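Presented below is the structure to which this report refers.
All of these numbers come straight from a predicted model, not from anything done at the bench.
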Amino acid sequence: DGGGGSGCARAPCVCPRPVDVNRRRRRRRSRWAGARPVGARRMRPLPGAPGVAAAAALLLLLLPRARSDEHEHTYQDKEEVVLWMNTVGPYHNRQETYKYFSLPFCVGSKKSISHYHETLGEALQGVELEFSGLDIKFKDDVMPGTYCEIDLDKEKRDAFVYAIKNHYWYQMYIDDLPIWGIVGEADENGEDYYLWTYKKLEIGFNGNRIVDVNLTSEGKVKLVPNTKIQMSYSVKWKKSDVKFEDRFDKYLDPSFFQHRIHWFSIFNSFMMVIFLVGLVSMILMRTLRKDYARYSKEEEMDDMDRDLGDEYGWKQVHGDVFRPSSHPLIFSSLIGSGCQIFAVSLIVIIVAMIEDLYTERGSMLSTAIFVYAATSPVNGYFGGSLYARQGGRRWIKQMFIGAFLIPAMVCGTAFFINFIAIYYHASRAIPFGTMVAVCCICFFVILPLNLVGTILGRNLSGQPNFPCRVNAVPRPIPEKKWFMEPAVIVCLGGILPFGSIFIEMYFIFTSFWAYKIYYVYGFMMLVLVILCIVTVCVTIVCTYFLLNAEDYRWQWTSFLSAASTAIYVYMYSFYYYFFKTKMYGLFQTSFYFGYMAVFSTALGIMCGAIGYMGTSAFVRKIYTNVKID
């Protein structure tokens, strides 16, 4: 028996201009196709990782589409169908991939192919498309036959044995549909190793489009040094009733993503929202009503009675509550970045709900990069206006920090992991040209748009219009109980927001780090809305208790108490790594914890900005409604 992946292919793609195959080739646009395992064993198709490209995506959107079969996914009879070899790597380490021909496989005899395109997203994802050399024509069956021969010396045998020991399997593409196959297998004793040498391709077509692809790996040959191994293939074309629009359905896993636990988690989080909103509305409104009544009664007292009275509560800090936060430059940059991340998340989820982005290789990453660059004015507007209201004068410095805060974090992490990828000779190593392209996006797209947003923010909403005057001398902060200290509030503030999303985190992690395609973006939208409501409610309650203790340091406290959600998400990622995956090795471990740190930090900045914006509106509201002498 052998192994492979199973999936379905849908659209043919052929392009007019032949290109020499000896050039290194990659193709950018892709769709997923599946493969059927060797013999009787079937393996699930692997989903595509999130994709990316800003400049390239923009160009693809703006430039007219070339009229060629590669883009239209339509074929004529006996027209060439290209089989691309992508990457090979260990099954348990999804991101540790290498070029297919880094293993001593041989290439078919066909030496020219139609041209293709490569995008920035594919380069960042480590897609390495190389021509297989197999001659495949639309609706033209190929009988079993040898396409090349491997001269197996000791070095090549050791390479194959290492791959089989580590459960290597490879990925191929036909008409942008992915196919997976296993390299080989060992016997029960682990002494002899076997290579699968026969690729049996079954391609389904509907009209002039490819809609289904299956791979069966057969021909188990024992690896013996100083022998020759013949690699063979066959192609069988079958008419299929699968519609072109539905060809990716077989890659989805409704039983996993639409499990009762998923629905229950959404319902549970929704009930938490109702409870929190009711709690905040009832307790705070009743408490605030009592506060207003007490403060109105105090206003009717004469000066002597007021001086002898027991004054306490949030009104006492009205002269300091709108005092600028400490480190306003960093604070405003974080708020601006958080608002931008929220805008990107919202827009990308909406786009993913409308368009099936999972059908395009790298499309999710490309969309995210494009949207992030396009929403840079949001960062500049909110960060620049907040910095101006807090009396900041170094607005150019604030603009640069706000513009490059998230890109520097992501690029710094990627740069570190890139060194490890280069050492491993992995396909995830980012080429120098791709790095230059990303830097150009940062300097020539993100920075100018951020400048526009900053100028608009400073001019439209940069004037302080607080309902209370700020005292010249800061009020001393009285002692309070230990659980009212900002540090304690910050640590406890992220528990409820994390509790509302941690089930969804499991599904998101599984789709990225394991072999599932995430497609239930309606769930993700609901979770995002729930997260925002819970975060705002929690930070409002925390801020009210802090102000009631006559501590006016609410800006950073509201931000950090919401941002502490990231700490719990990152802690959960440790649990997921050790108990839900079988990852191993320096590269995969560094990749996992490095990018999980980036994800958690970005999530924390977004939650912090949401918490601060909601709390700011609450603080302004309560101090507007109370009469201040």
*asked:* Determine whether the aromatic ring centres of residues Phe593 and Phe574 are separated by less than 6.0 angstrom.
replied: yes

*Would you indicate whether the side-chain heavy atoms of Tyr170 and Val183 approach each other to under 4.5 Å?*
yes

*Please report the closest heavy-atom contact between Phe591 and Gln95, naming both atoms and the distance.*
CE2-CG, 3.1 Å

*Give the minimum heavy-atom separation between Asn214 and Lys250, together with the two atoms involved.*
OD1-NZ, 3.5 Å

_Distance, nearest 0.5 Å, that separates CD1 of Ile503 from CD1 of Ile501_ = 11.0 Å

_Side-chain heavy-atom pair Tyr372, Ile406 within 4.5 angstrom cut-off_ = yes

*For the residue pair Ile441 and Ala373, what are the closest heavy atoms and their distance?*
CG2-CB, 4.4 Å

_Using a 3.5 Å distance criterion without hydrogens, assess whether the side chain of Ser511 forms a donor-acceptor pair with backbone atoms of Ile508._
yes

*Glu202 vs Lys200 side-chain heavy atoms within contact, under 4.5 Å*: yes

*Can you see which heavy atom on Ile417 is nearest to which on Ser590, and at what distance?*
CD1-O, 3.7 Å

*Does a side-chain heavy-atom distance below 4.5 Å link Ile164 with Leu223?*
yes

_Could you walk me through whether Glu79 and Lys139 satisfy the side-chain contact (heavy atoms from CB on, under 4.5 Å) test, starting with their C-alpha distance in whole Å, then the side-chain angles of each, then the deciding distance to 0.1 Å, before giving a yes or no?_
CA-CA 8 Å; Glu79 191 168 9; Lys139 295 184 182 179; over 6 Å; no

*How about Tyr570 and Thr601: does a side-chain donor come under 3.5 Å of a side-chain acceptor?*
no

*Could you tell me whether the side chain of Ser427 and the main chain of Thr97 form a donor-acceptor pair under 3.5 Å?*
yes

*Out of Asp135, Asp141, Asp140, which residue meets the side-chain hydrogen bond (donor to acceptor under 3.5 Å, both in side chains) rule with Lys137?*
Asp135

_For Arg94 versus Phe512, what's the shortest heavy-atom pair and its separation?_
NH1-O, 3.1 Å

*asked:* Are the side chains of Tyr100 and Thr87 in contact, using a 4.5 Å heavy-atom criterion?
replied: no

*Start with the C-alpha distance between Cys442 and Cys411, add both sets of side-chain angles, then the distance that settles disulfide (SG to SG under 2.5 Å), and finish with yes or no.*
CA-CA 11 Å; Cys442 292; Cys411 293; 5.1 Å; no

*Do other residues, nucleotides or ligands put more than 12 heavy atoms under 6.0 Å from Phe578 CZ?*
yes

*Step by step, would you call Tyr91 with Tyr515 a ring pair (Phe, Tyr, Trp, His ring centres under 6.0 Å)?*
CA-CA 9 Å; Tyr91 174 78; Tyr515 299 105; 4.9 Å; yes

*Picking from Trp196, Tyr193, Phe105, Tyr168, what satisfies ring-ring contact (aromatic ring centres under 6.0 Å, His included) with Phe160?*
Phe105

*Could you check whether the rings of His262 and Phe507 sit parallel, tilted or perpendicular, using 30° and 60° as the cut-offs?*
parallel

*asked:* Could you check whether any side-chain heavy atom of Met85 comes within less than 4.5 Å of a side-chain heavy atom of Phe131, counting everything from C-beta outward?
replied: no

*Is the number of heavy atoms from other residues, nucleotides or ligands under 6.0 Å of Glu355 CD greater than 12?*
no

*Does any non-hydrogen side-chain atom of Phe257 lie less than 4.5 Å from one of Leu252?*
no

*Does the side chain of Tyr592 pick up a donor-acceptor pair with the side chain of Ser573 at under 3.5 Å?*
no

*Can Thr510 and Tyr518 be counted as having a side-chain donor-acceptor contact under 3.5 angstrom?*
no

*Can the ring centres of Phe419 and Tyr423 be said to be less than 6.0 Å apart?*
no

_Run Trp237 and Val81 through side-chain contact (heavy atoms from CB on, under 4.5 Å) and show every step you take._
CA-CA 12 Å; Trp237 291 86; Val81 177; 4.1 Å; yes

*asked:* So Ile136 and Val142, do their side chains get closer than 4.5 Å, heavy atoms only?
replied: no

_Value rounded to 0.5 Å, distance of CD1 in Ile350 from CE in Met525_ = 4.0 Å

